[in-house]
Amino acid sequence: MALVQSFHRVRALRHRSVSDGPDVREPSAGSARQRRPVESSPTYDPLADFDQEILAFLRDSGLVSDDLKLEVPKRPEHGERAVNVFALAKRQGRNPNELASAIAGSFSADEGGAPKGAGLQGVGQDRFIESVEAVTGFVNFRLRYPTFIPHVIESIRGAGNTYGRRQGTRSRVVVEHSSVNPNKEWHIGHVRNAVLGDTVTRVLRLSGDEVEVQNYIDDTGLQAATSVYALLNFPEPEKEGEKYDHYVGRLYVKISQEFAEEDRLQEQRASMLLDDERSDDDPELQRIDARLQNIQQRLQPGTVRVMHEIEAGQHSDIINMVLKSQLQTPFRLRVYYDLLNWESHLVRSHLFKSAMDLVEKSPHSGHPKDGRYEGAFVIYTGGTTSEGEEKAEVLVRSNGIPTYVGKDIAYHMWKLHLLPDPLSYVAYLEQPNGAILWSTSLHGEKRPPVAPDRVINIIAVHQSQAQEAVKQGLQAAGFETEAEKLFHLAYGMVRTKEGLISGRKGTAAAGDDVIQGAVDAALERIREKQSQDLDEDEMKQIAEAVGVAAVRYFMVQYNPLREIVFDPADVVSFDGNTGLYVQYALVRMYAILRKAAEAGIADAEVDAADASLLQHEQERRLAFHLVKWPETVSTVSRTLGVNLIAEWAFDLATIFSEFYRDCGVLNAEPGLRESRLLLVRTVRDALVHACDTLGMPVIERL
RNA sequence: GCCCCCGUAGCUCAGCAGGAUAGAGCAACCGCCUUCUAAGCGGUUGGCCGUGGGUUCGAGUCCCGCCGGGGGCACCA
């Protein structure tokens, strides 16, 4: 089959062999190039425009029957775009070098190429291909910058805040992130979660998706109950200026440690009983018994009682206070949400029961009468266990209590709108960005059910298997296409040099402290430098922006899957690959633009500048990096590897620094000066846009 | 024991769907402010991409084994 195909290809190529060598430029080959015009609606994607030309050229060369992938060569001497023809050559039974040469040879620069500075006529002509060159199996394409740079600048200006938006349909996405137990202050791992989730959200929105950000509040869990119980029974004075979530967290840690002590005490007690020399009225033993009794008969039942009270709707005042206090942390980082979904609402709306009723209808669910799952409600996920039983996931235990996975399946059926929505929605609070944060509710307005096309859960990697179980459960229940919509972004844990952080032991670095540390360090540096005349308020504002950007940048500069070894010194470092580096490049751009205005150069003059004058190497590099943005956004919206956004911003800032060194702007000759100002403005706009996508505040001076 | 993620420069990490000579930042050393903010720029040093096989014209990238780190493996959440 494959042979037959390649045979036909070879024959077809023979007919076209007129363009076989680099020196053969038969007119027929050229006249065969009836260029199909590209879409006339602006795509604001200059690189795609270049690619269109290349693809059209390749098509019309008659030598390429497949869609070849366009690459960005690593080395500048290989041009701006390249295709490699090894695979194609192999299928055609040809020598790769020869094929590449043949393709390159079919290009004639004078035929389609517009003369320099010819403007924008003839979209689809060879406006942007300067040359085509064959090198060892690669066909390299060089950009014609004099026509390309003006096109880049116009496109970015035209696109404005939508630069990077993809063509085509919008999809609806639910992103769930944060989902921190409402029982103590955020730690650094929560900050990573929130920044990742928020950045993913920003990228998807830029990309054109309609995103709803949900923050799941597990108020009925043991953690929340423990904190509430501690607060009600063992309150301590609040410290001066202590944030409420920190205060409650302090009580939580204290009581958790008593629970943790239970095991240790049990062991101690057992070994003492084995010791013949101790009698039953040994005071040491009695002390241990008393403590154990306290834990087992007071603390544990007390916590469980509070848990049920919360489920029934009590103590919401305390939980709300903790939550509102916690939310100050993401708000400071410019992380916002659309909806809080409360576990207690899901429980009290009987969502779980309706979901299980639906699962009951699946032929793969069942109530085993014997075996290891006797008495439970399970869903068979396929395959058999080592004991020969069918593999199953327990959704409801034999004692009638739902499992975590069971609850999560129900929850995701709600997210995916697989059953009628029993919940109502009310406004919860107004966030610092002015947007209303909504909350689920048992009373109030309903909302129209709109099923998402994609559900992204930002949850740490240790939940991977549970997330997979939810997916399999949904599939087994017959929701196969819906289950495919679930995507778990499993990010790595944040650990310190000492080891894994633990909320329960209170060894975690608090998010608030990390942010404040970064802000304080920034303020200190600003005071030291005094490079501008800044008053106290300005310095504080700038320090806040620098600190927040430092934290956010730190959290997104790594591949999400990777574990982060967190060293506070790294967040506070302002050299090299950091948020401040990007901000600093912007400060320089703002300074240039400000001084230009002060020198009386009107915006209109800059608008009218001739961008084709920008032919310095650094100017070309800036332009070429600018046009990689749409592709970067599109890759990230697919892979959720948000580190690429940070990398793009860092690289643009780096190239700008080189431009700054090599190309004077204000002292350039009139004409070129305006052109450079136009470029600086464009780079500024693009970089501000990238900072917005990263949620990083921008500063204009430092 | 089984499953998942990760092993790339002294340290922290990129490397997006296999492509050309593997890149940053930090640290170290040497240089650059009479010129748009030096929190910047240039240079030097630094790599058997954990390891052994395999697939491929081509492997840091895909497959298998092993070693090391982390996580998960219950009718726990």
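Each chain gets a letter, A, B and so on, in the order its sequence line appears, and its residues count up from 1.
- Between the P atom of B:A24 and the CG atom of A:Asn643 lies a distance of 17 Å, rounded to the nearest Å.
- When the C1' atom of B:G19 is taken as reference, atom CG of A:Asn84 falls 5 Å away, rounded to whole Å.
- Listed candidates were B:C75, B:A17, B:U37. Nearest to the side chain of A:Lys69 is B:A17.
- Along RNA chain B, the nucleotide nearest to A:Pro73 and the one nearest to A:Glu647 differ in position, and the one closer to the 5' end is contacted by A:Glu647.
- Glycosidic conformation of B:C62 is anti; the angle lies outside 90° of 0.
- Within the 4.0 angstrom heavy-atom criterion, no nucleotide atom of any strand lies near A:Pro560.
- Nucleotides B:C3 and B:G65 are separated by 8 Å at their P atoms, to the nearest Å.
- Between A:Tyr553 and A:Tyr581, the distance separating the two ring centers is not shorter than 6.0 angstrom.
- Using cut-offs of 30° and 60° for the angle between ring planes, the A:Trp648 and A:Trp629 rings count as tilted.
- In this structure, A:Ile542 places its CD1 atom 14 Å from P of B:A39, rounding to the nearest Å.
- At a cut-off of 3.5 angstrom, counting only N and O atoms as typed in the model, there is a donor on one side and an acceptor on the other between the side-chain of A:Asn140 and the base of B:A20.
- In this structure, the CD1 atom of A:Ile564 is 9 Å from the P atom of B:A14, given to the nearest Å.
- Under the side chain to side chain contact (heavy atoms under 4.5 Å, CB included) rule, A:Pro560 has a single partner from A:Asn193, A:Thr639, A:Leu196, which is A:Leu196.
- Put simply, NZ on A:Lys74 is 13 Å from P on B:U61, counting in whole angstrom units.
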So which protein nitrogen or oxygen atoms get under 3.5 Å of nucleotides 27-33 of chain B's nitrogens or oxygens?
none

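- B:G53 and B:G70 are spaced 26 Å apart, taking the C1' atom of each and rounding to whole Å.
- With both pairing distances under 3.5 Å, B:A20 is matched to nothing as a Watson-Crick or G-U wobble pair.
- Of all nucleotides present, only B:G50 satisfies the Watson-Crick or G-U wobble test against B:C66, with each distance under 3.5 Å.
- At the heavy-atom level, A:Thr635 lies under 4.0 Å from base atoms of the strands shown.
- Between the A:Ser398 side chain and the A:Gly375 main chain, no donor and acceptor come within less than 3.5 Å of each other.
- Heavy atoms of A:Gly641 sit nowhere under 4.0 angstrom from any nucleic acid atom.
- Of the candidate nucleotides B:G40, B:G25, B:C13, B:G25 has the atom lying nearest to any side-chain atom of A:Asn577.
- Of all nucleotides listed (B:U37, B:C75, B:G71), B:G71 comes nearest to the side chain of A:His462.
- Proximity of A:Asn559 to the phosphate of B:G15: a side-chain N or O atom is located under 4.0 Å from OP1 or OP2.
- Among the nucleotides B:A20, B:U37, B:U35, the one closest to the side chain of A:Val135 is B:A20.
- Comparing the same atom, C1', in B:U61 and in B:G7 gives a spacing of 14 Å after rounding to whole Å.
- A:Ala490 comes within 4.0 angstrom of no nucleic acid atom, judged by non-hydrogen atoms across all strands.
- As judged by a 4.0 angstrom heavy-atom cut-off over every strand, A:Glu468 is placed among residues making no nucleic acid contact.
- Shown here, B:G31 forms a base pair with B:C41; the pair counts as Watson-Crick or G-U wobble because both key distances fall under 3.5 Å.
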Original post:
How far apart are the C-alpha atoms of A:Glu71 and A:Asn84, what are their side-chain angles, what is the distance that settles it, and do they pass the side-chain hydrogen bond (donor to acceptor under 3.5 Å, both in side chains) test?
Top reply: CA-CA 8 Å; A:Glu71 305 165 15; A:Asn84 82 69; 2.9 Å; yes
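- Using the Watson-Crick or G-U wobble rule with both distances under 3.5 Å, B:G1 pairs with B:C73.
- Contact check, A:Arg661 against B:G42: a side-chain N or O comes under 4.0 Å of OP1 or OP2.
- Closest to the side chain of A:Val587, from the set B:U37, B:A17, B:G19, is B:U37.
- When heavy atoms are screened at a 4.0 angstrom cut-off, A:Tyr660 is found touching base atoms of the nucleic acid.
- Look at B:G60: it lacks any Watson-Crick or wobble partner with both distances under 3.5 angstrom.
- Among the protein residues, A:Asp651 comes within range of no part of the nucleic acid, since none of its heavy atoms lies under 4.0 Å from any strand.
- A:Gln465 comes within 4.0 angstrom of a base, heavy atoms only.
- Using the six-membered ring where Trp is involved, A:Phe656 and A:Phe659 have ring planes that are tilted, between 30° and 60° apart.
- A straight line from CD1 of A:Ile379 to C1' of B:C75 spans 16 Å, rounded to a whole angstrom.
- One N or O donor and one acceptor, one from the side chain of A:Arg638 and one from the base of B:A17, sit under 3.5 Å apart.
- Nucleotides B:U8 and B:A59 are separated by 14 Å at their C1' atoms, to the nearest Å.
- Straight-line distance between the P atoms of B:U56 and B:U44: roughly 40 Å, to the nearest whole Å.
- At a threshold of 4.0 angstrom between heavy atoms, the contacts of A:His78 include nucleobase atoms, whether or not backbone atoms are also involved.
- Nucleotides B:C11 and B:A17 have their C1' atoms positioned 31 Å apart, rounded to a whole Å.
- Comparing the same atom, C1', in B:G54 and in B:G58 gives a spacing of 15 Å after rounding to whole Å.
- Ranking B:C75, B:A20, B:U21 by closeness to the A:Glu77 side chain, first place goes to B:U21.
- A distance cut-off of 5.5 Å between ring centres, combined with a plane angle under 30°, leaves A:Tyr581 outside any stacking arrangement with the base of B:A39.
- Residue A:Tyr558 is classed as a sugar-phosphate contact, given heavy-atom separations below 4.0 Å to backbone atoms only.
- The interatomic distance linking A:Asp567 (CG) with B:C13 (C1') rounds to 14 Å, in whole Å.
- In this structure, A:Ser365 contributes its side chain and A:Val359 its backbone to a donor-acceptor pair below 3.5 Å.
- In this structure, A:Phe650 places its CZ atom 11 Å from C1' of B:A14, rounding to the nearest Å.
- Side-chain atoms of A:Ser178 never come within 3.5 Å of backbone atoms of A:Asn215 as a donor-acceptor pair (strictly under, hydrogens ignored).
- A:Ser657 contributes no side-chain N or O that forms a donor-acceptor pair with the base of B:C41 under 3.5 Å.
- Position along RNA chain B of the nearest nucleotide to A:Glu700 versus A:Leu644 favours A:Leu644 as the more 5'-ward residue.
- Using a 5.5 Å limit on the distance between ring centres and a 30° limit on the angle between planes, the aromatic ring of A:Phe138 does not count as stacked on the six-membered base ring of B:G19.
- For A:Lys595, a side-chain nitrogen or oxygen approaches OP1 or OP2 of B:U37 to under 4.0 Å.
- Taking atom P on both nucleotides, B:G60 is separated from B:U21 by 11 Å, rounded to a whole Å.
- At a threshold of 4.0 angstrom between heavy atoms, the contacts of A:Arg588 are confined to the sugar-phosphate backbone, with no base atom among them.
- Neither OP1 nor OP2 of B:C36 sits under 4.0 Å from any side-chain N or O of A:Arg673.
- Closest to the side chain of A:Tyr373, from the set B:C5, B:C75, B:G19, is B:C75.
- Candidate nucleotides B:G42, B:G19, B:U35 were compared by shortest atom distance to the side chain of A:Glu658, and B:G42 ranks first.
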